[in-house]
Amino acid sequence: MPRITLPDGSVRQFDAPVSGTEIAADIGSGLAKAALAIQVDGDLRDLAGVIEQDANVAIITRESEDALELLRHDAAHVLAEAVKELYPETQVTIGPAIENGFYYDFAREQPFTPEDLERIETRMREIVDRNETIVREEWDRDEAIRFFRDWGEEYKAEIIDSIPQGEVVSLYRQGDWIDLCRGPHLPSTGKLGKAFKLLRISGAYWRGNSDNEMLQRIYGTAWPSEKELKAYLHMLEEAQRRDHRRLGVEMDLYHFQEESPGAVFWHPGGQRLFQRLIRHIRERQEEAGYVEVDTPQIMDRSLWEASGHWEAFRENMFTSQTEDGRLFALKPMNCPGHVQIFKNGPVKSHRSLPLRIAEFGKVHRYEPSGALHGLMRVRAFTQDDAHVFCTDEQITQEATAMCDLILSVYRDCGFEDVRIKFADRPPLRVGTDDIWDKAEQALRIAIDSTGLRYTHNPGEGAFYGPKLEFVLRDAIGRDWQCGTVQVDFNLPQRLGASYVGEDGARHTPVMLHRAMLGSIERFTGILIEHFAGHLPLWLSPKHAVICTITSAADDWAREVQASFRARGLLAEIDLRNEKISYKVREHSKAKAPVILALGKQEADMGTVSMRRLGSKEQRVLTLDEAVDLLAAEVVGRVNP
RNA sequence: GCCCAUAUAGCUCAGUCGGUAGAGCACUCCCUUGGUAAGGGAGAGGUCACUGGUUCGAAUCCAGUUAUGGGCACCA
């Protein structure tokens with residue numbers, strides 16, 4: 001006789017096992033109509049699921065947060081049903097809900113085309129209109145295997161085959177279509193609604209393994225309401241509008257070309273932005289007690305063998321064979337070089353620890369061709385890399401200081417929303433448990449000091465030590481993993497670094513790896529997208545463009561430019577024989593943060609007419625006022 | 001690396017059935033000195049990504065290569 005406790009604390013007593021449908025109906029007819037599923041003691045179940053024992057039950061409706069996943073999962077099923085109806089020769093595999101949508105992987109000789117996608121989507125809408133009842137069935141495992149194999153669904157059979165013997169498997173039937181699925185599902189296809197859209201077709205490996213055959217994946221998005229669907233599609237458009245590959249061309253920042261895939265040709269504007277970032281990081285880390293070094297671009301194979309890179313990452317390294325037969329490798333990381341500086345530098349004892357070594361090190365990694373993506377994934381990039389050599393006791397304080405510095409640099413750059421991921425000891429590792437305890441504890445204290453929430457990734461640490469990863473959320477809600485703090489017990493020892501401790505004996509230092517922006521190339525891309533090209537003045541590759549309205553103002557324009565330059569402001573001058581609106585349009589498109597329009601009036605009065613990017617407002621200021629205003633904004637690193 | 005798609009002027013893109021290329025913007029010159037997102041005119045600019053094949057003839061059809069795009073896998 002189940003006693004059902006509802007979320008508001010009220011209790012309903014039933015005198016027989018009761019289904020979610022019945023509970024919802026018992027509460028009210030409106031709810032019965034809106035009900036999509038139930039949550040029983042925290043687990044989502046089908047609405048038709050029967051409850052025999054006392055339980056806490058919540059009715060899930062369209063508005064519930066948990067409804068999203070159900071909806072999307074159902075959308076995947078409806079997609080599969082549509083595909084099977086239209087292309088019966090296709091085999092179905094798996095189709096889960098994912099962030100923002102769903103996908104389904106199919107095995108079919110012929111590739112799906114964009115036209116197929118339209119047909120499929122139309123059929124999906126028909127299936128929703130049919131409002132097919134979705135029914136859960138429990139089958140005997142072997143019977144299910146036989147069933148799918150007879151039907152030609154080898155993939156499904158294989159999935160069930162990997163389910164332990166004797167276990168019951170659940171199938172869901174909707175109309176003529178039946179699919180293996182853990183569930184839960186909506187009560188009928190009509191409940192899905194029409195706020196979905198198929199987005200793209202792509203390849204995906206069977207079971208995510210690149211040794212397996214390639215399937216065809218159809219991606220879609222699904223939402224509770226048309227309004228939310230629109231909002232999401234709008235976000236996608238917005239992302240496209242902000243695409244750094246597009247803006248990078250419009251702003252004349254950089255280009256790529258075939259002869260050097262994955263390597264950036266920085267144009268003067270891009271180089272300026274790049275160097276402003278470096279300048280800022282340099283300043284901030286000098287305050288924090290780092291020293292800057294520079295280590296060789298190529299080093300002999302033997303060093304990479306000693307560091308372990310040769311064994312683990314050889315495939316990702318560029319190498320160069322010289323006339324004398326030596327094999328050199330371009331550095332994929334800076335750490336081995338920094339250990340050399342530790343070994344050959346001034347540090348001989350614990351008295352001069354910690355040693356904080358930083359380098360804007362350019363590294364080369366032979367990334368798989370399919371991974372390359374604008375500035376976001378390249379083969380040659382610059383890291384704001386640093387390594388802190390310290391004693392075991394110093395790990396905590398150093399890690400804490402790193403977190404502070406990293407977060408503060410993110411704030412400088414306009415990122416307030418930051419998350420941390422904490423990855424602790426993996427099964428395969430070096431170092432004693434004692435040391436791991438200490439290192440993990442140190443990182444935990446460091447996170448706590450930031451006051452930020454963090455997610456815990458158990459067992460995901462590197463073999464040489466635990467790590468923190470810093471994730472930035474940008475202006476349109478996308479996450480970018482940038483910074484990292486890693487404890488390393490391995491490399492200093494491998495490369496023979498040591499210091500004399502208080503006890504007069506030799507000890508191996510601990511090494512902390514740190515990157516803040518990570519790849520500066522990539523961070524540049526993130527910044528462009530975050531600000532949609534409207535970079536803050538202090539980072540912008542140009543500050544002001546001085547445009548004349550008539551040639552009578554040419555001399556004044558030159559004077560204004562000179563005054564700007566004298567105060568460190570980057571000022572271009574546009575004296576062309578074009579209308580002011582033409583010039584405004586052109587420089588606005590190129591994302592000039594400030595446009596100064598100078599005509600006869602300004603020349604006579606010693607003023608400038610100032611217009612900021614993204615605004616139509618014009619302010620007339622004296623030259624000094626304008627210079628002071630903008631210079632203060634640059635020095636103060638003001639973000640919009 | 002894998003699947004699918006794409007590659008034509010600096011940029012964005014047309015180019016039918018195979019008959020050796022076109023537009024808009026940008027660029028150069030001329031006219032216009034115009035007050036805040038395109039004033040007018042003229043001109044120059046192309047090994048149709050590359051290599052090979054089919055064909056009397058290839059931007060167009062076929063194959064391979066390279067790069068790019070969307071994913072997958074990878075990201076030490």
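Order of the sequence lines sets the chain letters (A, B, ...), proteins ahead of strands, with each chain counted from 1.
The environment of A:Met605 atom CE is sparse: at most 12 non-hydrogen atoms of other residues, nucleotides or ligands sit within 6.0 angstrom. Other residues, nucleotides and ligands contribute more than 12 heavy atoms inside 6.0 Å of the CD atom of A:Gln297. Taking a 6.0 Å sphere around CD of A:Glu109, one finds it holds 12 or fewer heavy atoms contributed by other residues, nucleotides or ligands.
When the P atom of B:rU12 is taken as reference, atom CZ of A:Arg246 falls 10 Å away, rounded to whole Å. The interatomic distance linking A:Glu250 (CD) with B:rA38 (C1') rounds to 15 Å, in whole Å. In this structure, A:His244 places its NE2 atom 12 Å from P of B:rU68, rounding to the nearest Å. Straight-line distance from the NZ atom of A:Lys579 to the C1' atom of B:rA38: 11 Å, rounded to whole Å. Atom P of nucleotide B:rC2 and atom CD of A:Gln216 are separated by 17 Å, given to the nearest angstrom. Summarising the geometry, the separation between NE2 on A:His255 and P on B:rU68 is reported as 12 Å, rounded to the nearest angstrom. At whole-Å resolution of the value, CD1 in A:Ile580 and C1' in B:rU36 are 6 Å apart. For A:Asp574 and B:rA37, the CG to C1' distance is 14 Å, given to the nearest whole Å.
Just one residue in the list A:Arg241, A:Arg242, A:Arg478, A:Arg522 forms a salt bridge (charged side-chain N to carboxylate O under 4.0 Å, His left out) with A:Glu529, and that residue is A:Arg478.
Residue-level contact check: A:Lys583 touches neither bases nor backbone, having no heavy atom under 4.0 Å from any strand. Among the atoms of the strands shown, none is found under 4.0 Å from any heavy atom of A:Thr548. Within 4.0 Å (heavy atoms only), A:Glu259 reaches no atom of the nucleic acid at all. Within the 4.0 angstrom heavy-atom criterion, base atoms lie near A:Glu602. Residue-level contact check: A:Arg576 touches the backbone only, with heavy atoms under 4.0 Å from sugar-phosphate atoms and none from bases.
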Output side-chain donor-acceptor pairs under 3.5 Å for residues 455-468 of chain A, partner residues at least two apart or in another chain, one line each.
residue	atom	partner	partner atom	Å
A:His456	NE2	A:Asp424	OD2	2.8
A:Tyr464	OH	A:Gln486	OE1	2.5

(request) For RNA chain B, produce a single dot-bracket line, 5' to 3'. Pairs: Watson-Crick or G-U wobble, both distances under 3.5 Å. Symbols: ( ) within strand, [ ] crossing, | other strand, . unpaired. (result) (((((((..((((.....[..)))).(((((.......))))).....(((((..]....))))))))))))....
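Nucleotides B:rU8 and B:rG69 have their P atoms positioned 14 Å apart, rounded to a whole Å. On the C1' atoms, B:rU54 is 44 Å away from B:rA42, given to the nearest whole Å. Comparing B:rG39 with B:rG57, their C1' atoms are spaced 47 Å from each other, to the whole Å. Atom name P, nucleotides B:rA23 and B:rG70: the rounded distance is 31 Å, in whole Å. The gap from the P atom of B:rC13 to that of B:rA49 amounts to 15 Å, rounded to the nearest Å. Separating the C1' atom of B:rC75 from that of B:rU12 is a span of 33 Å, rounded to the nearest Å. Between B:rU65 and B:rG41, the two P atoms lie 49 Å apart (nearest whole Å). For B:rA7 and B:rC48, the P atoms lie 15 Å apart once the distance is rounded to whole Å.
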(request) At under 4.0 Å between heavy atoms, which parts of nucleotides 69-76 of chain B does protein reach? Answer with one letter per nucleotide, 5' to 3': B base, S sugar-phosphate only, - none. (result) SBBBBBBB
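By the 6.0 Å and 45° rule, A:Arg379 stacks over the aromatic ring of A:Tyr366.
In terms of modelled atom types and a separation under 3.5 Å, the side chain of A:Glu578 and the main chain of A:Lys583 share no donor-acceptor contact. Checked by atom type and distance alone, the side chain of A:Lys197 never pairs as donor or acceptor with a backbone atom of A:Leu233 at under 3.5 Å.
Taking the centre of each ring, A:Phe106 and A:Tyr104 come in below the 6.0 Å mark. The six-membered or imidazole ring of A:Phe564 lies away from that of A:His543, with a centre-to-centre distance of 6.0 Å or more.
Here ring-ring contact (aromatic ring centres under 6.0 Å, His included) pairs that include residues 235-256 of chain A, with residues two or more places apart or in two chains, are A:Tyr254-A:Phe256, A:Tyr254-A:Trp266, A:His255-A:Phe265, A:His255-A:His267.
Under the 4.5 Å side-chain criterion, counting only non-hydrogen atoms from C-beta, A:Cys482 is not in contact with A:Phe470.
Here A:Tyr582 reaches the OP1 or OP2 of B:rA26: one of its side-chain N or O atoms lies under 4.0 Å away.
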Check nucleotides 47-52 of chain B for protein N or O atoms closer than 3.5 Å to its own N or O atoms and list the pairs.
none

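If you find the closest nucleotide of RNA chain B to A:Gly262 and to A:Ser581, the one lying nearer the 5' end belongs to A:Ser581. Both A:Pro261 and A:Lys616 lie near RNA chain B, and the one whose nearest nucleotide falls closer to the 5' end is A:Lys616.
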(request) Tell me, with the steps shown, if A:Met511 and A:His338 meet side-chain contact (heavy atoms from CB on, under 4.5 Å). (result) CA-CA 10 Å; A:Met511 183 161 128; A:His338 290 185; 5.9 Å; no
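Within 3.5 Å, no donor on the side chain of A:Ser588 pairs with an acceptor on the base of B:rU36, nor the reverse.
The salt bridge (charged side-chain N to carboxylate O under 4.0 Å, His left out) search around A:Asp604 returns none, not counting sequence neighbours.
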